Number of protein chains: 2
Amino acid sequence: MVKRTAKGSARAPRRTDSLSRELIIQTAIEILDSGGEKALTLRALTVRLSTGYGAIYHHVADKSDLLATAADDVITGVLSGAVTDADPRTALRRLALGLFDAIDAHPWVGAEFSRQPWRPALLDFYESIGRLLDALDVPEKARFDAAGALVNYVLGVAAQNAANARRLAGSDTDRATFLQNAATRWAQIDPGRYPFVHAAATHLGEHDDREQFLLGVDIFLAGIATLR
Amino acid sequence: MVKRTAKGSARAPRRTDSLSRELIIQTAIEILDSGGEKALTLRALTVRLSTGYGAIYHHVADKSDLLATAADDVITGVLSGAVTDADPRTALRRLALGLFDAIDAHPWVGAEFSRQPWRPALLDFYESIGRLLDALDVPEKARFDAAGALVNYVLGVAAQNAANARRLAGSDTDRATFLQNAATRWAQIDPGRYPFVHAAATHLGEHDDREQFLLGVDIFLAGIATLR
DNA sequence: ACCTGAACACCGTTCAAGT
DNA sequence: ACCTGAACACCGTTCAAGT
């Protein structure tokens with residue numbers, strides 16, 4: 001016997017969509033995207049969903065479950081869109097760039113996967129890398145280690161992006177002035193003791209994170225070619 | 001007028017070394033090494049040093065200052081010991097391995113530097129890398145990006161080591177059974193859909209983190225050689 | 001089954017008060 | 001100057017109680 005909604009029409013019928021795991025996770029993603037990892041608190045979630053703590057814990061094991069699932073959700077679509085019909089080198093670059101862009105747009109995802117690189121959501125990523133290395137004639141044993149190294153590189157960049165985003169979210173300076181500050185600080189470094197670091201400060205202002213990332217991937221691919 | 005210590009001899013003269021920034025940081029390092037990042041709380045520090053909160057905040061700005069300085073302290077000696085008289089390739093491998101071993105011994109240091117890769121304590125590291133790339137005839141512009149990529153790789157591995165250590169510290173399973181569990185979980189992955197990942201599970205048990213790290217460095221150096 | 005919200009056991013940090 | 005420790009403003013998580 002389903003009860004009729006006897007009081008459903010009192011007041012403006014506040015949408016009746018009850019709480020669900022999916023809704024909680026989507027809301028968490030919104031909070032994370034707009035305010036960063038620090039902004040996602042259970043309190044913030046209860047307010048945004050106008051519910052209580054217990055309601056959330058009924059659908060979600062704990063906060064780390066919430067964060068991990070949110071990260072999975074963001075990354076899943078990105079990786080499924082990867083096309084692998086191009087030549088292996090191009091496909092690998094595309095794959096790495098796809099992950100870079102997704103993490104660049106959602107830095108908290110980078111922090112999460114750098115903590116938990118073995119999440120099932122990354123399975124397709126590993127599998128694609130492995131197959132592409134195969135296509136590049138990398139021997140089986142080396143393929144495993146090479147894939148690991150490449151993933152470490154990608155997630156290393158991811159973690160740094162996340163750290164940068166956290167720093168920017170904390171202060172009220174924007175990216176440009178942040179880089180400016182960093183550049184001037186680096187420029188003050190003693191050129192006698194640290195000639196390379198001092199010279200590097202020159203390039204800091206004009207450098208593009210995405211391009212630098214891609215150059216790293218290229219170095220990697222060139223190195224992998226020697227394993228054949 | 002310096003007061004004479006009139007009551008200094010009452011009871012066993014409990015060593016008179018008063019609190020200092022250095023003592024606080026050394027104690028923090030001990031706590032971090034034995035219990036991981038989670039174990040370092042202000043409470044734990046006050047107990048271990050038998051003092052109050054204010055005493056600590058008198059010598060240290062806040063907890064992140066404490067963590068950063070502790071990480072600096074651990075890494076400083078390691079990098080100053082690096083010898084650079086070997087051929088550049090060997091020296092680079094040695095440098096990377098030195099950082100790997102230090103972070104392997106103190107995983108929380110890896111987490112910290114992956115969050116703050118521009119700490120002054122890493123200056124010598126960057127400088128050495130830059131000079132060695134110079135010795136390898138890498139053009140100046142590419143040298144900057146190549147150094148960044150290499151650092152990203154090293155710190156990416158560092159972050160993963162830290163994450164693994166955190167996971168092991170949390171559970172009561174040791175490293176061997178942890179790898180065992182991971183291997184069996186990976187082996188259950190559908191070999192039809194994920195042939196590479198499934199095959200990789202075979203190597204998981206016999207693989208050595210340090211060796212895999214070094215192979216990554218070698219791939220990198222081989223790739224860098226093509227930039228000449 | 002699904003939800004509420006007070007309560008609990010923690011955090012880092014501050015600050016009036018002591019010596 | 002250096003230290004004490006109660007107090008504050010937060011956390012994540014639990015759980016008796018409601019529907």
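Chain letters run A, B, ... following the sequence lines, proteins first, then strands; residues in each count from 1. As the structure is a prediction and not an experimental result, all values here were calculated from the model. Excluded from the calculations below are hydrogen atoms, water molecules and symmetry mates; all remaining heavy atoms, backbone and side chain alike, are included.
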Inset, instruction - Check every atom of C/dT13, D/dT13, C/dC11 against the side chain of B/T41 and return the nucleotide holding the closest atom. - result: C/dC11
Inset, instruction - Could you state the atom-to-atom distance from CD1 of B/I56 to P of D/dT4 in whole Å? - result: 9 Å
Legend entry - Between P of D/dC10 and CG of A/L42, the distance in whole Å: 16 Å
Inset, instruction - Name the closest nucleotide to the A/H58 side chain, picking from C/dT13, D/dC3, C/dC2. - result: C/dC2
Inset, instruction - Would you mind reading off the distance between B/R43 atom CZ and C/dA9 atom P, rounded to a whole angstrom? - result: 15 Å
Inset, instruction - Between B/K63 and B/A55, name the one whose nearest nucleotide on DNA chain C is closer to the 5' end. - result: B/K63
Legend entry - Nearest listed nucleotide, side chain of A/D62, among D/dC3, D/dT13, C/dG12: D/dT13
Inset, instruction - On the 0 to 90° scale, with breaks at 30° and 60°, tag the B/F213-B/Y153 ring pair as parallel, tilted or perpendicular. - result: parallel
Legend entry - Inter-nucleotide P distance (C/dC2, D/dA17), Å rounded: 22 Å
Inset, instruction - Take B/E112 and B/R119 through the salt bridge (charged side-chain N to carboxylate O under 4.0 Å, His left out) test and state the conclusion after the steps. - result: CA-CA 10 Å; B/E112 181 58 21; B/R119 283 246 114 202; 5.5 Å; no
Inset, instruction - Dump the intermediate steps for salt bridge (charged side-chain N to carboxylate O under 4.0 Å, His left out) on A/E127 and B/R193, then the final yes or no. - result: CA-CA 9 Å; A/E127 186 63 29; B/R193 238 166 84 88; over 6 Å; no
Legend entry - First encountered from the 5' end of DNA chain D, between B/Y53 and B/S20: B/S20
Legend entry - Between C/dC2 (C1') and A/I24 (CD1): distance, integer Å: 11 Å
Legend entry - B/L45 CG - C/dC11 P separation (whole Å): 12 Å
Inset, instruction - Spell out, as yes or no, whether a donor-acceptor pair under 3.5 Å connects the side chain of A/E37 to the backbone of A/W108. - result: no
Inset, instruction - Can you tell me the distance, in whole Å, between the NE2 atom of B/H59 and the P atom of C/dT14? - result: 16 Å
Legend entry - Watson-Crick or G-U counterpart of C/dC8, or none if no pair lies under 3.5 Å: D/dG12
Legend entry - Whole-Å gap separating P (C/dC2) and CG (A/L19): 10 Å
Inset, instruction - Please work out if B/L49 contacts a base, only the sugar-phosphate, or nothing of the nucleic acid, heavy-atom cut-off 4.0 Å. - result: nothing
Legend entry - Side chain proximity check, B/F100 to B/L214, heavy atoms < 4.5 angstrom: no
Legend entry - Proximity to the side chain of B/S18 - top-ranked nucleotide from D/dT13, C/dG12, D/dC3: D/dC3
Inset, instruction - Let me know the distance between CZ of B/R21 and C1' of D/dC3, rounded to the nearest Å. - result: 18 Å
